[in-house]
Amino acid sequence: MEKSVSSTIVGAEAYLVDLEVETVRTDAVQAFLKQETIFVSLSTSDGLTGLGYSYTIGTGGTAVLALLRDHLLPRLVGKDARNVEGLWSDLFWSTHATTVGAITSLALAAVDTALWDLRCLRAGEPLWRLAGGYRQQVPLYDTEGGWLHLTTDELVAGALTSQKAGWPGVKLKVGKPRVHEDVERLRAVRDAVGPSLDIMVDANQSMTYAEAKRRAAAFEAVDLSWFEEPLPADDVTGHIRLAESTSIPIAVGESLYSISQFREYVASGGAGIVQVDVARVGGITPWLKVAHLAETFNLDVCPHFLMELHVSLTAAVPNGRYVEHIPQLRAITRSEMAVVDGHAVAPDVPGLGIDWNADAIDDRRVA
């Protein structure tokens, strides 16, 4: 039997790139002003280079970078890049004093996505197939037309544009000071688009349990597909109680940073939709575990943000229901995610499938 060629990591580099947002984005608790993008480049003895990344929405990027440079990357050099599970576990336990936590998970994700890029390049397969290969196209919903600062007329216009383009859903931000303000905006969109378009809402963790229960009751007549992050993400009990009180599915996950946190939500009934974010959960390796966990509970996965990466992961698993449309990488890529008949199409090239523009990335590196 022919012996496989080793793939020893011979070089590891991390760097930070700042990306301005493509449009004004506001929700009930914050404004998205810039994306700090943390890249990890890994080169191997068999001549491959894998590029992975994670992100923050404006703060903490230098902390993630320092963790990578000071602690994680030195442990990788000399290791076999094919042992993705082993490397993830080694890095996780080597930083156990700071896990589970956002900074460490974001750092792990940058490494893990680079390792998966290498895995796919070595196999000559696209990510969507190597991670599971369930299908290549996934329904797409738009968030860019639903930000909280937009007027009701602007929300309606955005929803109609998405509907005309054949997209099956739109997401609108909620959390206006008075409940009637939210309801009037949602009702205007529903009346304009009719019953066939999925409408999701997102409160960005801005409400108390009592207020979320009150608003969910007011929202039910609008026929919503889900109510996202109504409460602080660590309030598992509140989400369980809320899920029991409303017919609207409760969506959580973008602010959870470990597999065990997802386990608590899905096992207790606190999550009706799982929105696992590959950067925040620590990479593709744990993302897939969360997706398969959700499948065992008959729950759909509709990941948060990072559409250029999540399109392949959502396509890989049988319970991947939706990809969220928020373009943010166009300044540093040569091409965009393909969309056909309201569906995002996973790239069919080896690797992660993101067409990076190396010159544009270099121009935006933070010293």
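Below, all heavy atoms of this structure are taken into account, side chains as well, without hydrogens, waters or symmetry copies. All values derive from a computational prediction rather than experimental measurement.
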Margin query: For Tyr209, give me all partners under ring-ring contact (aromatic ring centres under 6.0 Å, His included), at least two apart in sequence or on another chain.
Written below: none

Check: So how far is it from Ile248 CD1 to Ile273 CD1, rounded to the nearest 0.5 Å?
Finding: 12.0 Å

Notebook entry, point to check: In Å, rounded to the nearest 0.5 Å, how long is the span from CZ of Arg129 to CG of Asp348?
Noted result: 5.5 Å

Next item on the list: Please check if the side chain of Asp355 supplies one atom and the backbone of Thr333 the other of a donor-acceptor pair under 3.5 Å.
Entry: no

Checklist line | Side-chain heavy-atom pair Glu324, Glu254 within 4.5 angstrom cut-off | finding: no

Next item on the list: Can you see which heavy atom on Ala81 is nearest to which on Ile9, and at what distance?
Entry: CB-CG1, 3.7 Å

Check: Does His325 offer a backbone N or O that forms a donor-acceptor pair with the side chain of Lys171 under 3.5 Å?
Finding: no

Notebook entry, point to check: Would you say Thr104's side chain and Thr98's backbone share a donor-acceptor pair under 3.5 angstrom?
Noted result: yes

Next item on the list: Applying salt bridge (Lys or Arg N to Asp or Glu O under 4.0 Å), run through Arg214 and Glu211 and close with a yes or a no.
Entry: CA-CA 5 Å; Arg214 176 173 175 249; Glu211 184 61 23; 3.1 Å; yes

Item checked: Gly282 to Trp88 - nearest heavy-atom pair and separation -> O-NE1, 2.9 Å

Item checked: Check: His310 side chain, Phe305 main-chain N or O, donor-acceptor pair, under 3.5 Å -> yes

Checklist line | Atom pair CD1 (Ile250) and CD (Glu228), whose distance is rounded to the nearest 0.5 Å | finding: 10.5 Å

Notebook entry, point to check: Mind checking whether Leu91 and Leu76 have side chains closer than 4.5 Å, heavy atoms only?
Noted result: yes

Note to self: Exactly one of Glu229, Gln275, Gln261 should register a side-chain hydrogen bond (donor to acceptor under 3.5 Å, both in side chains) with Ser255. Which one does?
What the structure shows: Glu229

Notebook entry, point to check: Hey, mind stepping through Asp198 and Trp226 against side chain to side chain donor-acceptor pair (under 3.5 Å) and telling me if it holds?
Noted result: CA-CA 9 Å; Asp198 286 344; Trp226 71 65; over 6 Å; no

Margin query: What's the separation between atom CZ in Arg25 and atom CD1 in Ile326, rounded to the nearest 0.5 Å?
Written below: 6.0 Å

Next item on the list: Measure the shortest side-chain to side-chain distance between Leu329 and Met337 over non-hydrogen atoms and say whether it is less than 4.5 angstrom.
Entry: no

Checklist line | Residue pair Arg364 / Ile332, side-chain heavy-atom distance below 4.5 Å | finding: yes

Notebook entry, point to check: In Å and rounded to the nearest 0.5 Å, what is the CG to CD1 distance from Leu352 to Ile284?
Noted result: 5.5 Å

Margin query: Whether Glu85 and Lys289 form a salt bridge (side-chain N of Lys/Arg under 4.0 Å from carboxylate O of Asp/Glu) is what I want to check.
Written below: yes

Next item on the list: Check step by step if side-chain contact (heavy atoms from CB on, under 4.5 Å) holds for Lys213 and Thr246.
Entry: CA-CA 8 Å; Lys213 181 179 178 180; Thr246 179; over 6 Å; no

Next item on the list: To the nearest 0.5 angstrom, please state how far the CZ atom of Arg119 sits from the CG atom of Asp112.
Entry: 8.5 Å

Notebook entry, point to check: Any donor-acceptor pair under 3.5 Å linking the side chain of Arg190 with the backbone of Leu197?
Noted result: yes

Margin query: Counting neighbours of CG on Asn298 that are heavy atoms of other residues, nucleotides or ligands and sit closer than 6.0 Å, is the number greater than 12?
Written below: no

Check: What heavy-atom pair brings Pro232 and His239 nearest, and what distance separates the two atoms?
Finding: O-CE1, 3.4 Å

Check: When the ring planes of Trp93 and His96 are compared, do they come out parallel, tilted or perpendicular, using 30° and 60° as the limits?
Finding: tilted

Margin query: When you compare the side chain of Gln137 with that of Asp341, does any pair of heavy atoms fall below 4.5 Å?
Written below: no

Notebook entry, point to check: Is it the case that one hydrophobic cluster holds both Leu288 and Leu118, taking links as side-chain heavy atoms less than 4.5 Å apart, direct or via other members?
Noted result: yes

Checklist line | Same apolar cluster: Leu309 and Tyr322, side chain cutoff 4.5 Å | finding: no

Note to self: For residues Leu160 and Leu224: do they belong to one hydrophobic cluster (side chain heavy atoms under 4.5 Å, members Ile, Leu, Val, Met, Phe, Trp, Tyr)?
What the structure shows: yes

Check: Does the side chain of Ser206 come under 3.5 Å of the side chain of Asn204 through a donor N or O and an acceptor N or O?
Finding: no

Item checked: Closest non-hydrogen atom pair between Thr37 and Phe39, with its separation -> CG2-CE1, 3.6 Å

Next item on the list: Please assess Val317 against His292 for the test side-chain contact (heavy atoms from CB on, under 4.5 Å), listing each intermediate value before the final yes or no.
Entry: CA-CA 8 Å; Val317 298; His292 296 315; 3.9 Å; yes

Item checked: Arg215 and Val201: CA distance, side-chain angles, deciding distance, side-chain contact (heavy atoms from CB on, under 4.5 Å) verdict -> CA-CA 11 Å; Arg215 298 218 181 192; Val201 298; over 6 Å; no

Item checked: Minimal non-hydrogen separation, Val170 against Ala159, with atom names -> CG1-CA, 4.1 Å

Margin query: Please check: side-chain N/O of Trp287 versus main-chain N/O of Val281, any donor-acceptor pairing under 3.5 Å?
Written below: no

Notebook entry, point to check: Is the shortest heavy-atom distance from the side chain of Leu48 to the side chain of Asp117 under 4.5 Å?
Noted result: no

Check: Run the side-chain contact (heavy atoms from CB on, under 4.5 Å) check on Arg280 and Leu256 step by step: do they pass?
Finding: CA-CA 7 Å; Arg280 293 177 174 179; Leu256 302 181; over 6 Å; no

Next item on the list: Would you check if there is a donor-acceptor pair between the side chains of Thr161 and Trp167 at a distance under 3.5 Å?
Entry: no

Note to self: Donor-acceptor check, side chain of Arg185 to backbone of Val174, threshold 3.5 angstrom: yes or no?
What the structure shows: no

Notebook entry, point to check: Do Phe227 and Leu155 belong to the same hydrophobic cluster, where Ile, Leu, Val, Met, Phe, Trp and Tyr are linked whenever their side-chain heavy atoms lie under 4.5 Å apart, directly or via other members?
Noted result: yes

Item checked: Ser43 to Thr49 - nearest heavy-atom pair and separation -> CB-OG1, 3.9 Å

Note to self: Just so I know, are the side chains of Ile361 and Asn357 near enough to count as touching, which here means a heavy-atom distance under 4.5 Å?
What the structure shows: no

Margin query: Strictly distance-based, threshold 3.5 Å: is any side-chain N or O of Thr56 a donor or acceptor partner for the main-chain N or O of Gly58?
Written below: yes

Checklist line | Sidechain-backbone polar pair: Ser54 side chain, Leu106 backbone, donor-acceptor under 3.5 Å | finding: yes

Next item on the list: For the residue pair His71 and Ser94, establish whether any side-chain heavy-atom pair is separated by less than 4.5 Å.
Entry: no

Note to self: Hydrogens and angles aside, do Tyr55 and Asp277 bring a side-chain donor and acceptor to less than 3.5 Å of each other?
What the structure shows: yes

Margin query: Is it true that, when you exclude Asp363 itself, more than 12 heavy atoms of the residues, nucleotides or ligands shown sit nearer than 6.0 Å to its CG?
Written below: yes

Notebook entry, point to check: Taking a hydrophobic cluster as the set of Ile, Leu, Val, Met, Phe, Trp and Tyr residues connected by side-chain heavy atoms closer than 4.5 Å, whether directly or through intermediates, do Val17 and Val366 fall within one such cluster?
Noted result: yes

Notebook entry, point to check: Just checking, any donor-acceptor pair under 3.5 angstrom between side chains of Glu184 and Thr152?
Noted result: no

Item checked: Exam field: side chain Thr113 to backbone Tyr53, donor-acceptor pair closer than 3.5 Å -> yes

